[in-house]
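Each remark here refers to the structure printed beneath this line.
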There are 2 protein chains.
Amino acid sequence: MTLKTIAVDAMGGDFGPSVTVPAALKILQNHKKLKLILVGDESTLKQMLDQQQASKVRNRIEIQHASEVVGMDEPPAQAVRRKRDSSMRVAVNLVKEGRADSCVSAGNTGALMATSHLVLRTLPGVDRPAIMASFPAVNGKEVHMLDLGANVDSSAKHLLQFAVMGSIAVSAIKGIKKPKVALLNVGEEEIKGNEQVKQTAQYLSSAKSINYKGYIEGDAIFKGVADVVVCDGFVGNVTLKAVEGATKLIAENLRDVISSGWFTKLCGFLALPIFKSLKGELDPGKRNGASFLGLQGVVVKSHGGADINAFACALEKAITEAEMDIPQHISEQVKEILDSFDSEDN
Amino acid sequence: MTLKTIAVDAMGGDFGPSVTVPAALKILQNHKKLKLILVGDESTLKQMLDQQQASKVRNRIEIQHASEVVGMDEPPAQAVRRKRDSSMRVAVNLVKEGRADSCVSAGNTGALMATSHLVLRTLPGVDRPAIMASFPAVNGKEVHMLDLGANVDSSAKHLLQFAVMGSIAVSAIKGIKKPKVALLNVGEEEIKGNEQVKQTAQYLSSAKSINYKGYIEGDAIFKGVADVVVCDGFVGNVTLKAVEGATKLIAENLRDVISSGWFTKLCGFLALPIFKSLKGELDPGKRNGASFLGLQGVVVKSHGGADINAFACALEKAITEAEMDIPQHISEQVKEILDSFDSEDN
């Protein structure tokens, strides 16, 4: 493997450099052929690195100064227009300029997508970039789903593009030759769904290079019946967040039950190994890192509230996607597949 | 309270009379001023009642023979067209004829909605009926959400109607004077969302009788910030099922972890009171029963896989909705609220 360079928006996320810098050091220790460019306030980052005693990997860290930070609630349009020297923008610029092979940010999703779209542009044949992340499924399986919120009014053509991009990316990342692709719907029968989904199903049924498995319902995401689940960004975003909310509620209720009395506290203490193991299996931080697919460059979005381990996980994804050169894979295959449909309904 | 009569599709659901009949008997013991009409194969139902030693409540049970059963996977259109004597259809007919105050079925959701729509018709002012059910939220709160799958392409006008119906129903059922109503969206900021959601937000902001609280994201469903969450049926259905799937995966993983060795088995045994208490709080069966709102009659849909306790819970909902006369409440208020918008965009 050749030396890869990852640009890190070191100021993004709820915790900024206190998470991104230790995560960066951790990743550099694990990857000997990796270079990181930490983007953000130079003096803050230098100070952090000094505190962290980073001497062993210090020669593989470059600091790229950026004078501004995009706020977590800042409107994307404003971030794009006014903050040209934000750590986020500069990190994406480094990918555009070829100085970095990919970039990672835990900043505001909308701003990161708008910035990435503007700076990197979409690949030929791709109308809209999409956000892909993974969910756990039975027997330790992993399911990738897209779009998770970049597009709120996806046409059948867009959904088809998401399916193609998701299939290509998952094939490259996971080494699955023909990933099973399913369309998220309100039923499994052919007559179910809205017009966009029905039309997409027709496209996918005739797309020979896609291993299309038909419709699945929401609960089947977690059954591992598909490797790639395709949906509109509105549906995907609400689903992702609802599942996060429900999981959090279960964890909170468990905590409440345990702390409700001395006996349950004792039981909870005795069952600690179980809860730890469960947490390990379901920990969303272990899968942290959403891929922005369809752009002329690799951008990975970390959860804003990611801790050091979770942010390191997002960095790992950015390394993998850079090594696999996902945009190149998509670029090679997407036009060919999509061209075959263009005669039908453009 | 006057005597209420509930029609029960005794053949519906995954388990048919083996669940519906014991649940019916249980409910009759709890409600002394209740009569049930069990709809289905007469000889089967008589035999079940004899086996269950129902003598104490037998005088409040009527059997209405129906010669057919709608299959759980039967296409709704086919069920409506061909099975005029199905237990489902006959149960809904009883509501139409005024012989029952409400009906409950654990059968095929699509067929039940199509049948109810055809037989009962919508209330004046309501274009489409919607499916409403409840989710648990923090601190033991309950959140009602609609539409959960009756409509896959809801316009802003439809979403407005769902908001009005949900608000009226939750107000009556839960005794909340002005339920907090929120719109499910991909962000909380005004600029977020698709056209339908944005237009609905405008409608709701100017609907004085609705206590509109703005947009919420998927995770906020479980935070109890709203009493009523409004969304398109595609989004609602996928969300409902995804949450079911994720919850099931967590339960399965917990079981796997516990049974993975003698030590974890011991820990699991010791922590049994915790798991039981947790199951009690999150048990979807405790909230079983989705309301079909907007029809000229009360129809409650039980989960197909409901056990006796869960089906009894759906029967309780049908009793409450009949006692509160939800269709009458909706009918009185919906036209007035919706008329004020008609001049704007019809």
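By convention in this document, chain letters (A, B, ...) are assigned in the order of the sequence lines, proteins followed by strands, and residues within each chain are numbered from 1. This one's a predicted model, so the numbers in the text were calculated from it and none came from an experiment.
- Residue B/Leu184 touches chain A through both its backbone and its side chain, counting heavy-atom pairs closer than 4.5 Å.
- Within 6.0 Å of NE2 on A/His158 lie more than 12 heavy atoms contributed by other residues, nucleotides or ligands.
- B/Glu252 is linked by a side-chain contact (heavy atoms from CB on, under 4.5 Å) to A/Val138, B/Lys248, B/Arg255, counting only residues two or more places apart in sequence or in another chain.
- Annotation: residues 69-83 of chain A contacts chain B through no residue [non-hydrogen atoms, separation under 4.5 Å].
- Interface remark: B/Gln196 contributes side-chain atoms only to the contact with chain A (heavy atom separation under 4.5 Å).
- If you measure heavy-atom distances from B/Ala137 to chain A, the contacts under 4.5 Å come from the backbone alone.
- For residues 232-241 of chain A, a heavy-atom distance under 4.5 Å to chain B picks out A/Gly233, A/Phe234, A/Val235, A/Asn237, A/Val238, A/Thr239, A/Lys241, given by residue number.
- Both the backbone and the side chain of A/Asn185 come within contact range of chain B, judged by heavy atoms closer than 4.5 Å.
- In this view, B/Lys223 and B/Asp219 satisfy the salt bridge (charged side-chain N to carboxylate O under 4.0 Å, His left out) rule, not counting sequence neighbours.
- The candidate from B/Val243, B/Val186, B/Val197, B/Ile221 with the greatest count of non-hydrogen atom pairs under 4.5 Å with chain A is B/Val186.
- Remark: B/His117 NE2 is packed, more than 12 non-hydrogen atoms of other residues, nucleotides or ligands lying under 6.0 Å away.
- Here CG of B/Asn253 is found 11.5 Å from CZ of A/Phe222. Values are rounded to the nearest 0.5 Å.
- For A/Asn194, the parts sitting under 4.5 Å from any heavy atom of chain B are the backbone and the side chain alike.
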